[in-house]
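Residue numbers start from 1 in every chain, and the chains themselves are labelled A, B, ... in the order their sequence lines are given, proteins ahead of strands.
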Amino acid sequence: GQLERLGLSYDWTRQMAAHRPEYYKFDQWFFLKMYEMGLAYKKMTQVNWCEFDQATLSNEQASGGICWRCGSAVTKKNLEQWFFKTTAYADQLLDDMAEIEAGWPANVLKRQRDWIGRSEGAYVDFKVQSSKFQVEEKNIESIRVFTTRIDTIYGVNAVVVAAEHPIVQAHLGELSPAVIAKIKEIKIEKMKPADREAEIEKDGIDTGLMAVNPFSGEELPVWIGNYVMMEYGTGAVMSVPAHDERDFEFAKKFGLNIKQVIVSGQQSVVGDQPELSEAFSDYGSLINSGQWSVKTSEDAKLEMSTFATANGFGEVATTYRLRDWGISRQRFWGSPIPIIYCRSCGVVPEKYENLPVRLPDTAPFTGTGESPLAKVPEFYETVCPNCNEPAKRETDTMDTFVDSSWYYFRYLDPNNAEMPFSPDAAAYWAPVDQYIGGDDHAVMHLIYTRFWTKVMRDIGLVKFNEPAKRLLAQGMVVGETFYNEEGGKRVYYPPSGVMVERDAKGKVVGAKSTDGVSLTWAIERMSKSKGNGVDPDEMIDIYGADASRLFILFAAPIENELVWNESGIEGSVRFLQRVWRIVWKWKERIHGPRSKVQSGESTPEVRKLRQKTHQTIQRITENLEDLQFNTPVAALMELSNAIGDFKVEPDQANEGEVFAVREAIESLVLMLAPFAPHTAEELYEQFAGNGDGMLANGARFPEFDPELIKFDEIEIPVQVNGKLRSRVLASPDATTDQLQELALNDKKIKEYTNGKEIVKVVVVPKRLVSIVVKG
RNA sequence: GCUGGGGUGGCGGAAUUGGUAGACGCCCAGGACUUAAAAUCCUGUGCCUUUAGGGGCGUACGGGUUCGAUUCCCGUCCCCAGUACCA
């Protein structure tokens, strides 16, 4: 966790997994289970392929057909890839969030909800009329659209499909050259780098094909639109310009007809409506919609989808943004996918007793986009588990997220040779009480591991739905960066060689490199290429491990992003040194076993120090329960200040004073242990009288005594007309009347109340007195 | 644009069932110790004002509710994060 906060972590578990056959044996075990359940399947997909790097790239790495690293062209390649059916669990992933809502950060759940992106609506089929269709007359061809607003279907002016839609492919022969050209243009445009902020202008063309609105019987043109995505829904939409912003924009641009079919509220309107200046996308009541007119949107949606189902041209449908999880990787490391291809038996899963399928020691780059393992005959040449004929292994390996989805369950039963872990061990230990991870895992890792848990539940390994009851997403440590972008490419300058100009308030207004280049200032995740990283070894050399850790915990709440700034770390060093000096100052008097019961005289000073000690124990105990780490450090500092303020020299201290000091120091040292363990252990030797350490000596986190926390006297603020005017001292048990009496007789308060009418006195016991006067 | 989270001193941040705003630390200033420096210790430190006691203002901005608002409500501005022609 600390390394992660320093922005320097790499995932140990995932790296380890790649080198441990006994571990990835069970990745393969799980794969076979999923294959049996129909949750693992293979399909043809397109991947980005960088010729220069000879590697497959993700979408982010290949924005618009250019490799982010080398800048060379990226081509699309067809590859058969393995997938896990995460979409089969989409509803559970959403609905089970109720179980973990209390313990997971809201923004993580929200991001997951968006990522899954459930959308409820209906499919509607629009029959296509074309010359080709008329000739063949075999299968009735239709375009299926997805809509969340079936109630607006009488307002459809066109069916708009993506350029890649199969209907376009099927009718290529009938399309005019202009349409073919436009399709090409749109496809090329989509390949270009996507400017995040820029709004893409609507573009499209009428294909000449016609489709029929199954509700109204209207004949509608089929358009191709650049704003329709093949990847979502069905790749085709019904265009309702009056009630959808995008369709409105599209219709305006191409002069298509805009027909309003929903009006707000319950008005029953006959005839034409005034022309709309923008799309009206709220719910309302239907107009110009045949038998459905006057109904509300809500009712119409239900009834119209039922009607469509009954008449065979549609159905209620839910779509998701979530895709199935592509687990194929063309790498020579990672757990091999245990599948064998046999000429006569086809796709055959490996037998459980043959697991693990082992990786070769090394494999060459293929340069083709295929896995390096495809060049290693010793690896892929095998026999079919079914018919024993020569066969070929799958050469793809699994995504490392597969390992990270369940690694922590292996901790429950690490030596189990038969199964990933025994259900008994899981029943005893799991689910996880507290999971800690970086914010950056919110949607990928944490969705996969939730999915995995549901699969484990369905194969009987566990009995719960969710892997972790509580999640802490700690913030990252980030650093200042300086770069120049003029050459088209970002060039980073190490912060040490940058002159920063700040305004009177200390805000950065500009920066220049030593050779005079003006630079842009930013705060970014640490990385070597940006030169803003912090080397923990260096920090430990200079300040020590304890001070470094203490500072990171103290500087900001754990969930905050922390902008690295070394100026505060000296404070941690000073604090630890101060504690050290306190212990050494008192070490002759605090040696040996301590009794729980106070002995000696109890002066006000002694009581005060003991009170502070026990209050601090209480605060820190509560803070740690809430996973707050910055405020306990502050509390420890306060306690050490209080000990420092106790003005008695060790050689003059009486029994009672020694008791109080010893209790304070020992509590301080014990509570310091989680934050600065090395220092705390060394100091603890002074109490233990041996070097065996806290655990061996049976040390415990201190407990507070509720009796000692009570105050003899508390300060009660007194307000007059809402303004703080005085403070009075009172017993914490003082009654309302006593407090009112005290406040009204206070000298300062009298100055404010003299000659005025007291309208009201509000007394909050133990808290304050508020007086309202008039005149 | 939408969604989520925020806006508190020079800085990181404390404090919220509505009850003394600024804990703790950093920075800065002054002092003690020292031939001197470092280290350490002490004092001060939200802003304005006053000789002083004190007074006024202050939790992004403008309103509201309340004896009392950093906290609750309405509106505005700004920042951060996520996300996107999601039909």
Q. Applying a 3.5 Å limit to both distances, which nucleotide forms a Watson-Crick or G-U wobble pair with B:C2?
A. B:G82

**Q.** Separation of the C1' atoms in B:G19 and B:G25, to the nearest angstrom
**A.** 27 Å

Q.
Counting the atoms with a prime plus P, OP1 and OP2 as sugar-phosphate, which does A:Met238 contact under 4.0 Å by heavy atoms, base, sugar-phosphate, or nothing?
A. nothing

Q: Determine whether A:Asp546 and A:Leu550 make a side-chain contact, defined as any pair of heavy atoms from C-beta on separated by less than 4.5 Å.
A: no

Q) Does the cation-pi check pass for A:Arg470 over A:Trp104, that is, NZ or CZ under 6.0 Å from the six-membered ring centre and within 45° of its axis? A) no

Q: Using the P atoms only, state how far B:G9 lies from B:G4, rounded to an integer number of Å.
A: 27 Å

Q: Report which part of the nucleic acid A:Glu715 touches: base, sugar-phosphate, or nothing (heavy-atom distance under 4.0 Å, all strands).
A: base

Could you list, one pair per line, each protein nitrogen or oxygen that sits under 3.5 Å from a nitrogen or oxygen of nucleotides 63-65 of chain B, together with the distance?
none

**Q.** Flag for A:Tyr752-A:Lys723: side-chain donor and acceptor within less than 3.5 Å
**A.** no

Q: May I ask you to say what A:Arg321 touches in the nucleic acid, namely base, sugar-phosphate or nothing, with a heavy-atom cut-off under 4.0 Å?
A: base

Q) To the nearest angstrom, how far is A:Ile771 atom CD1 from B:G68 atom P? A) 14 Å

Q: Determine the Euclidean distance between corresponding C1' atoms of B:A23 and B:U59; express it in Å to zero decimal places.
A: 15 Å

Q) Using the C1' atom in both, what is the distance from B:A38 to B:U45, to the nearest Å? A) 24 Å

Q. Would you find more than 12 non-hydrogen atoms of other residues, nucleotides or ligands less than 6.0 Å from A:Gln628 atom CD?
A. yes

Q. Using 30° and 60° as the class limits, which term best fits the ring planes of A:Tyr154 and A:Phe215: parallel, tilted or perpendicular?
A. perpendicular

Q: For A:Gly571, report the nucleic acid contact type (base, sugar-phosphate, nothing); a contact means any heavy atom under 4.0 Å.
A: sugar-phosphate

Q) Given B:G68, is OP1 or OP2 found less than 4.0 Å from the side-chain N or O atoms of A:Lys760? A) no

Q.
Tell me whether the count of non-hydrogen atoms from other residues, nucleotides or ligands lying under 6.0 Å of NZ in A:Lys608 goes above 12.
A. no

(Q) I want to check one thing: is the phosphate of B:A87, taken as OP1 and OP2, less than 4.0 Å away from some side-chain N or O of A:Tyr232? (A) yes

**Q.** Length of the CD-C1' vector between A:Gln577 and B:U40, whole Å
**A.** 10 Å

Q.
Are there over 12 heavy-atom neighbours, none belonging to A:Arg323, within less than 6.0 Å of that residue's CZ?
A. yes

Q: Please state the P separation for the pair B:A21 and B:U17 - nearest whole angstrom.
A: 16 Å

Q.
Can a donor-acceptor pair be found, under 3.5 Å and without considering hydrogens, that links the side chain of A:Lys202 to the backbone of A:Lys253?
A. no

**Q.** Complementary nucleotide for B:G68 - Watson-Crick or wobble, under 3.5 Å
**A.** none

Q. Does any nucleotide pair with B:G25 by Watson-Crick or G-U wobble geometry, both distances under 3.5 Å, and what is it?
A. B:C11

Q | Glycosidic class, syn or anti, of B:G9 using a 90° window around 0 | A | syn

Q: Answer with base, sugar-phosphate or nothing: what part of the nucleic acid does A:Val228 contact at a heavy-atom distance below 4.0 Å?
A: base

(Q) Please confirm whether the shortest side-chain N or O distance from A:Thr234 to OP1 or OP2 of B:A87 is below 4.0 Å. (A) no

Q. Side-chain N or O of A:Asn641 less than 4.0 angstrom from OP1 or OP2 on B:G25?
A. yes

Q.
Rounded to whole Å, how long is the line connecting atom CD1 of A:Ile558 with atom C1' of B:A14?
A. 17 Å

Can you tabulate the close N/O pairs, meaning under 3.5 Å, that link protein atoms to atoms of nucleotides 44-55 of chain B?
| from | atom 1 | to | atom 2 | distance (Å) |
| --- | --- | --- | --- | --- |
| B:G55 | OP1 | A:Tyr752 | OH | 2.4 |

Q.
Using a 4.0 Å heavy-atom cut-off, does A:Ser770 contact any base of the nucleic acid, only the sugar-phosphate backbone, or nothing at all?
A. base

Q | Touch class at under 4.0 angstrom, heavy-atom based, for A:Gln719 against every strand present | A | base

(Q) In whole Å, measure the gap between the C1' atoms of B:A60 and B:C79 for me. (A) 10 Å

Q) What class does the angle between the rings of A:Trp580 and A:Trp584 fall in, given that below 30° is parallel, 30 to 60° is tilted and above 60° is perpendicular? A) parallel

Q: State whether the number of non-hydrogen atoms from other residues, nucleotides or ligands found under 6.0 Å of A:Glu245 atom CD is greater than 12.
A: no

Q | Atom-pair distance (CD1 on A:Ile582; P on B:U40), nearest Å | A | 14 Å

Q) When we call it a touch if two heavy atoms are under 4.0 Å apart, what does A:Val772 touch: a base, just sugar-phosphate, or nothing? A) sugar-phosphate

Q: Respond yes when some side-chain nitrogen or oxygen of A:Arg113 is under 4.0 Å from OP1 or OP2 of B:G4, and no when none is.
A: no

Identify every side-chain donor-acceptor pair in residues 220-227 of chain A under 3.5 Å, counting partners at least two apart or on other chains, and give the distances.
| from | atom 1 | to | atom 2 | distance (Å) |
| --- | --- | --- | --- | --- |
| A:Asn226 | OD1 | A:Asp203 | N | 2.8 |
| A:Asn226 | ND2 | A:Glu201 | O | 2.8 |
| A:Tyr227 | OH | A:Asp247 | OD1 | 2.7 |

Q.
It should be established whether A:Arg581 places a side-chain nitrogen or oxygen under 4.0 Å from OP1 or OP2 of nucleotide B:C41.
A. yes

(Q) Between B:G82 and B:G75, how far apart are the two C1' atoms, rounded to whole Å? (A) 26 Å

(Q) Under a 3.5 Å cut-off for both contacts, is B:A52 paired Watson-Crick or G-U wobble with anything, and if yes, with which nucleotide? (A) none

Q) Taking OP1 and OP2 of B:A14, is either one under 4.0 Å from a side-chain nitrogen or oxygen of A:Asn630? A) yes

Q. Which heavy atom of A:Leu553 sits nearest a heavy atom of A:Ile558, and at what distance?
A. CD2-CD1, 4.2 Å

Q | Spacing of the C1' atoms in B:U8 and B:G44 (rounded, Å) | A | 22 Å

**Q.** Base partner of B:C61, which must satisfy Watson-Crick or wobble distances under 3.5 Å
**A.** B:G75

Q | Phosphate-side-chain proximity, A:Arg574 and B:C26, N/O vs OP1/OP2 below 4.0 Å | A | yes

**Q.** Watson-Crick or G-U wobble mate for B:A32, both contacts under 3.5 Å
**A.** B:U40

